[in-house]
Amino acid sequence: MKKKRVGILISGRGSNMSSLIEASKASDYPAEIVVVISNRPDAEGLRIAARHGIKNIALDHRAYKSREDFEKDLHQALIDTDVELVCNAGFMRLLTAGFVEKWHNRQLNIHPSLLPSFKGLHTHQRVLDEGVKITGCTVHLVRTDMDSGPIIAQAAVHVEPDDNADSLALRVLQAEHKLYPLALALVASGKVVVKNEKAVICSQNGPSRSDEQHILYAPSLSPE
Ligand code: GAR
């Protein structure tokens with residue numbers, strides 16, 4: 001099996017990046033992480049990537065005159081490493097239509113809510129403010145609008161009565177760490193097809209039941 005070459009874009013601590021790196025170490029995982037790029041030179045994730053022996057690049061967006069100039073170097077860095085798929089993992093920079101188009105259906109993002117609800121920042125506080133009972137996380141293909149695009153996979157997480165934004169963020173993050181490797185595996189193994197702007201999961205012989213079952217993590221109603 002030829003593994004798909006993946007570049008990860010980060011801005012901070014890189015825990016989702018770490019979960020993808022760990023998953024990619026399995027010999028039967030269909031993707032390998034070949035480069036990690038951060039728009040913030042002080043991102044902890046860059047140091048983690050270095051410890052794993054993965055090529056890591058800091059592209060400080062503040063050093064560029066325009067978004068387009070920054071994205072030109074970002075794109076070139078991905079091309080220079082023969083990247084086939086891009087994973088945004090806590091990459092907190094809006095991308096222009098020009099960049100998004102270049103990676104159409106080849107760029108994934110993870111967001112800590114059940115999209116299309118609660119796009120943007122301060123997700124968990126807004127979830128709590130609305131009294132939502134079930135939240136979660138979503139991996140989707142990137143489109144120009146922030147946190148939008150065909151949904152590949154989602155995981156559901158209970159909101160507990162005594163949750164605050166930090167406790168909820170932590171539980172959602174644990175779900176993110178399971179979901180992102182699964183979603184990337186689906187895309188890297190060619191099981192995701194986009195039809196009418198919806199991601200459909202299928203295998204060579206038609207939709208695979210076991211793949212579908214992996215997609216939703218239903219919250220347990222009783223304590224574990
Ligand atoms: C994650 O919770 C991710 O879902 C979120 O940023 C965090 C990054 O954490 N991304 C977004 O909000 C994108 N809209 P990490 O650096 O530890 O992976």
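Remember, it's 1-based here, ligands and their atoms both numbered in the order they're listed. Not measured: the values here are computed from a predicted model. One-based numbering along the sequence shown.
- In this structure, the side chain of Thr135 does not engage the main chain of Val157 through any donor-acceptor pair within 3.5 Å.
- Not a single heavy atom of Lys119 sits less than 4.0 Å from an atom of ligand 1.
- Looking at Tyr64, its side chain never comes within 3.5 Å of a backbone N or O of Asp73 through a donor-acceptor pair.
- Nearest non-hydrogen protein atom to atom 9 (O) of ligand 1 is Arg13 NH2, 3.2 Å.
- Note that CD1 of Ile10 and CE of Met17 are 5.5 Å apart. Values are rounded to the nearest 0.5 Å.
- The heavy atom nearest to atom 13 (C) of ligand 1, out of those in His177, Met17, His111, Glu44, is found in His111.
- Ligand 1 places these atoms under 4.0 Å from at least one heavy atom of Gly90: 6 (O), 8 (C).
- Of the protein's non-hydrogen atoms, Pro112 CD, 3.8 Å is the one closest to atom 5 (C) of ligand 1.
- Closest protein heavy atom to atom 1 (C) of ligand 1: Glu176 OE1, 3.2 Å.
- Heavy-atom separations between Ile10 and ligand 1 are all 4.0 Å or longer.
- Looking at Asn109 next to ligand 1, no N or O pair under 3.5 Å apart turns up.
- With respect to Arg171 and Asp163, a salt bridge is recorded, a charged nitrogen being found less than 4.0 Å from a carboxylate O.
- Residue-level proximity to ligand 1 for Asp147 is carried by the side chain, the only part with a heavy atom below 4.0 angstrom.
- Ile110 O, 3.6 Å is the protein heavy atom nearest to atom 10 (N) of ligand 1.
- Relative orientation of the Phe70 and Phe91 rings is parallel, given thresholds of 30° and 60° on the angle between their planes.
- Atom-to-atom distance recorded for Leu114:CG and Thr123:OG1 is 11.0 Å, nearest 0.5 angstrom.
- Near Ser15, with a cut-off below 4.0 Å to any heavy atom, the atoms of ligand 1 are 15 (P), 16 (O), 17 (O), 18 (O).
- Ionic pairing of Asp145 and Arg143 is not present here: no N-O contact between side-chain nitrogen and carboxylate oxygen is shorter than 4.0 angstrom.
- Going from atom CD1 of Ile8 over to atom CG of Leu20 covers 4.5 Å, rounded to the nearest 0.5 Å.
- Residue Gly14 has at least one heavy-atom neighbour below 4.0 Å for each of these atoms of ligand 1: 15 (P), 16 (O), 17 (O).
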